[in-house]
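Worksheet for the structure shown next.
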Amino acid sequence: EDQVTQSPEALRLQEGESSSLNCSYTVSGLRGLFWYRQDPGKGPEFLFTLYSAGEEKEKERLKATLTKKESFLHITAPKPEDSATYLCAVQNRRGAQKLVFGQGTRLTINP
Amino acid sequence: DTAVSQTPKYLVTQMGNDKSIKCEQNLGHDTMYWYKQDSKKFLKIMFSYNNKELIINETVPNRFSPKSPDKAHLNLHINSLELGDSAVYFCASSQDLGGPGTQYFGPGTRLTVL
């Protein structure tokens with residue numbers, strides 16, 4: 001069964017303090033690994049899709065990387081508006097398009 | 001120009017009642033989904049429809065019945081509501097052209113069963 005574990009559960013940083021969020025996964029044939037951002041009371045907002053080990057994608061202060069067992073979401077010089085829950089999800093190649101999500105990392109950036 | 005919309009946003013009801021949640025997408029996607037997010041924030045797939053056909057049906061009680069009148073709409077009807085059904089329900093859609101289509105989520109419906 002596909003499984004995703006995110007760490008840490010919660011992370012508090014000072015504005016400008018860079019860090020990384022971890023997403024460990026087991027999947028029977030990775031079709032794609034997805035990162036989403038979720039603000040309180042809202043739906044998940046798409047950030048990145050990674051397809052194969054070694055791939056990297058960037059958007060503003062965020063960079064996502066992928067290995068065969070885990071993905072990292074690096075946040076560089078974060079701002080308070082980056083505070084949110086970051087969700088990682090995997091999709092396998094077995095035909096059905098469902099996403100299997102981790103429990104998320106709640107990120108708080110203090111000014 | 002909302003991409004994926006859901007109604008209502010909040011739903012408070014008594015145990016034993018029947019209720020429906022509606023979802024519409026204007027992205028032209030051919031696949032739609034229902035996810036449930038519990039109190040621990042875990043998002044879990046319930047159903048998916050592709051061009052009005054049921055594709056995924058996870059281990060969800062028979063009290064939950066999705067209906068897709070056309071590929072832009074996917075509604076969720078819940079019979080005999082129970083306390084454990086309290087959660088946030090998200091609709092999503094994607095365009096799957098042979099590869100992993102990105103799923104876009106609606107704003108969610110917070111269901112509270114008293």
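These numbers come from the heavy atoms of this one structure, side chains and all, not from hydrogens, waters or symmetry mates.
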For the pair A/Tyr25 (side chain) and A/Lys68 (backbone), establish whether a donor and an acceptor sit closer than 3.5 Å, ignoring hydrogens and angles. yes

Under 3.5 Å: donor-acceptor pair, side chain of B/Tyr35, backbone of B/Phe105: no

Heavy-atom closest contact (A/Glu55 atom, A/Tyr51 atom, distance): OE1-N, 2.6 Å

Select one option (side chain, backbone, both, neither) describing which atoms of B/Lys44 are under 4.5 Å from chain A's heavy atoms. neither

Can you name the residues of residues 106-113 of chain B that have some heavy atom under 4.5 Å away from a heavy atom in chain A? B/Gly106, B/Pro107

Would you say A/Val90 and A/Leu87 are hydrophobically clustered, going by side-chain heavy atoms of ILVMFWY under 4.5 Å? no

Examine whether an atom of B/Glu58 lies under 4.5 Å from a heavy atom of chain A, and if so say whether it belongs to the side chain, the backbone or both; otherwise answer neither. side chain

Here the pair of heavy atoms bringing A/Pro44 nearest to B/Leu43 is CG-CD1, 3.7 Å

At a heavy-atom separation under 4.5 Å, does A/Glu45 approach chain B through its side chain, its backbone, both, or neither? neither

Looking at A/Thr105 and A/Ala10, would you say the former's side chain and the latter's main chain have a donor-acceptor pair under 3.5 Å? no

Under a 4.5 Å heavy-atom cutoff, which of B/Thr31, B/Val88, B/Asn50, B/Ile45 has the most pairs with chain A? B/Ile45

Using ring centroids (six-membered ring only for Trp), state whether B/Phe64 and B/Phe47 fall under 6.0 Å. no

Could you note down all residue pairs passing disulfide bond (SG atoms under 2.5 Å apart) where residues 42-78 of chain B supplies at least one of them, sequence neighbours left out? none

